[in-house]
Amino acid sequence: MASDGGERAISWEWVAPGAAAHHRLGEVVDELKAGDPLVAVSVVVPANPAGVWARRAMGARRAGVVGVAFGTLAELAAELAADRLDAEQSVPLADQELLALVRGELERTDGAFHSVRHHASTQRVVADAIAAFRRVPDLTAELDGPDLAGRSLRSLARQVLAIGERISSRAGFHDDVDELVIAAEEVTGGRAPALGSVVVFLPEWLGAHERALLVALAGAGVEVRVLAALTGDRRADGVIMSLAEKLGVVPPSPPGDTPAVDAEVIEAADPETEVRHAVAWLVDRHRNGVPWDELALGYTATVPYARLVEHILDEAGVPWNGPSTTTLASTSVGRLVAAMLRLIDGDLARRDVIAALGCLAPPRREWPLSSWDRLSRRAGVVGGIEQWRERLDGEVVAALADADIDGIPEDDRGRHRARAERARALRYLVDQLAMMVEPLRDPGSWSAAVDTVRGWLSELEPSLLRSPDEQKAVAALGTALLRLAGLDALEPEPRTASIREALSAELDRRVGRHGRIGHGLLAGPLPALAGAAPRAVALVGLSEGLAPRRLRPGAVLGNAECAGREADLGLDTELLQLRRFRCVVGAASDAVLLLAPAVDPRSARRLTPSRWLSDDRTGTGVDRTDRTIVPSLWADAARRTPLTRAELTHAALARRSADPRALSAWLAADHLESAREILAGRRRGLSVWSGLVGPHDALDTTGKVHSITAFEQYAKCPTKYLYGHVLGVRREDEPEAVEGLDPRSRGELVHLILQRWLEERIDRDGELHLEILEQVMNAEFDAWEETRAVGSVEVWHRDRQDVAVRLSGLVELEEGSGAEWMPHAAEMEFGENDSLRVETPGGAIRFKGRIDRVDRRADGALRVVDYKVRGSGKNRSSVDVVGVRRGEALQLPLYGRAAAASLGGAMVRAEYWESASGQARAFGVDLGDVDDAFTAAVGDIAEAIGAGVFPLQPGEETPWPRSSFANCRYCEFDSVCPSQRAEHAEAAAVDPAAEPVTRRFAAAVGPVRES
Ligand code: SF4
């Protein structure tokens, strides 16, 4: 090691991030070389991309980079410690090996972890805590001190430390901390190889062992110079000041004010709009002469940005480099292994079997995946090899019997035989899959498990593995399997769950990197941009929660224990994040674009722009009023640089739409007549894209018979009516494992019991007769159990009790509702042959339905009752004249009319009797009070349906049980509707085209409420 033998002080210098820092680095290297190009200098960078930027900047100088090595401090330590570690035959301790050692230690250790030692999360927590503790050498002493809060936490931490010490004392393995410690010892002992002077370039933070290595280097006479970035933000720079202090350096006073960054800030509709806008902005810069490798795109969160960035950059044909989102699990080999593991976990669950078959070979005529899927659904297969065999055999018998029916056409006979063949083939394949996964149920050793997995891979159809990416994945999985097979030396008797966890963890690892570092635009999370000096940078995902992210200490050390040593423990504190943001923004020499999403499309939750955008101290200097708002993806696409052919067409349309004649000619020439309608439709407000369908034969409400709940659904959300009752969209049921009565089945069972009980009572004298209810209930339970899937014995027992409780709630309601009412009819149908008509200005609207119960009083008055055991979604205050006029409470008035029309009666009362979640209640309306409002609401809804007006109506935002909207929480179309449904609804509400919808609400809050 080149040194003058005497101890030196570490020197410290402030630099501005970006090109200025690179310029100063060149000057410092020249000073250190003092005119001799062969003098060695090591430049320590925060990350490898930073090394490439620095090397490139230095290479552009006349002096070049002869004798200058670039690398991270971990790489430098590995180099300094290599000789000794080689001599000790020590190999790096990888994650799976650490977990195997942790499992072994937990098995041998009593204490807090013992009862949960087999949980993968326990093993993960302990492994992570060991890794964190090893970074803080003084923690052991402090655990005995008085300051550490919480006795139980202290005891946990001690147990982890003890496990960690036993693991690190095992010969043959070393981790990165060992490398740093050994490197420092070798340097101090004068045994390290020569490395010349060291420049620590733009450090983000240095842990205790890293600091110790630098101190050791300086102590051994190596010239160590730190070039630290100054952002101008006092809080952010305070972090790096404390690093200087920990290194024993007194940094010079920072130079004067750092200029505020001139950044453009955009609040975009959602993450996709953000990324598309950012890429278009960067493409513009490239077209204006900036090379791709002087541009950068950063994001604050891997999900959802990494995939979006990868997809949109590739779609736009931008050459780029950065972390890849590809994991082994997303390749053919990985998908197969994951699918086979699921077969074991789910005991050959139907959908897992179909997925595994889909992974083995692509669907085609001889591999009819979708036919097998339909066939297994129809056969009612849920899972388990016995059920597969029994039900597919039954399918074969049934299909052959169908084929043997006398007199059927030959074509049909052929179809039935083909069905039998498909069922036979599927049965054979399921048997094969069962045999393939069997050895992994209890493999006994890591190598046996690995052999089984290799056997699966040999069954893959070769055509799936031809692409270079798939070949890379095969190689990566092969390496991972080799490592796992080697775990037998550390864990000779692994648990099956540990093997499956380890395999799953390997599948989740990212494979490789996109592009070569330094080639093309740099894209990645903010830490990947550290040390870069682009001319322009765009950052996406600047919303609260992501920028900054909340600090999450581990389970073993709490906030109090971490206080003051967060950075040393490897935690990304808010100040470290702020500093990184400021450095990345300050490094761009020409332009900065900062983007924040308005909505999280996964939860449809509105997001708040990051405090970093509005905090003056960040120096971004952008007032809220100066921000650009981009309300939607297509609004954005119309005014920025198009990235794809579709966007190009869209932009051209938007440009020409000002001149209708030129537009028409252009469209006709390109056969794009319908595109104009699309453009016009994408206007803000109610359009064909947001529910303005317009009149159509299928929407003629007078020509068919309706259910009143469909009208109520329209009143709640017209789009829901459009999807469910006009387009016939519905979720496909799957015969998967029954876990108990679903809400619909529970309601059906309660209704069945009450119907039988009421019929019995009506046949006798109408009295309550609770003993008959008991008999009816038991008989119906038994019949249900015989004919329906009821799940496990315990679950069925619980469900029976739950039904009995709900029934007793309804009986209590009846007891309290007056003895003068006697049951008169149960499950009374109406409108089947001669539909019930509601005369409206637009014509007669016909309804049919079924009333749960009709009671009569001695004076002839009628009462209709509708049982609700799932919660009606209504309440006393919504079932009144206003609720009826709004169209949201139409069921009771219609039932009242139907009963009166069929039975005659002086007065009709209509009530819900609700017995849900342990509480029973009754509420309803007198028909006379709401009849006019009912007719008006039915008329308005029929007119709006006929006019083809179906706006989205999600209702109020609801934070619980998840962030959603009142009408969407349990709606089966929640995953179909746009994430910006609230904005669509707001815009539609003020659009004159929505008048048929809004009229009801205006009428309900106006004259009716006053009356
Ligand atoms: S998810 Fe919401 S907005 Fe969409 S149809 Fe359902 S209720 Fe309407």
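Counting convention: from 1, in listed order, for ligands and their atoms alike.
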Could you tell me whether the side chain of Asn967 and the main chain of Gln953 form a donor-acceptor pair under 3.5 Å? yes

Under 2.8 Å from atom 6 (Fe) of ligand 1 - protein N/O/S, by chain and number: Cys971 SG

Salt bridge (charged side-chain N to carboxylate O under 4.0 Å, His left out) involving Glu972 - partner list, sequence neighbours excluded: none

When the aromatic ring centroids of Phe711 and Phe847 are compared, is their separation below 6.0 Å? yes

Side chain to side chain donor-acceptor pair (under 3.5 Å): which pairs involve residues 719-729, sequence neighbours left out? Gln713-His725

Check ring-ring contact (aromatic ring centres under 6.0 Å, His included) between Phe950 and all other residues, then give those that pass, not counting sequence neighbours. Tyr714

Tyr895 ring center near Phe830 ring center (under 6.0 Å): yes

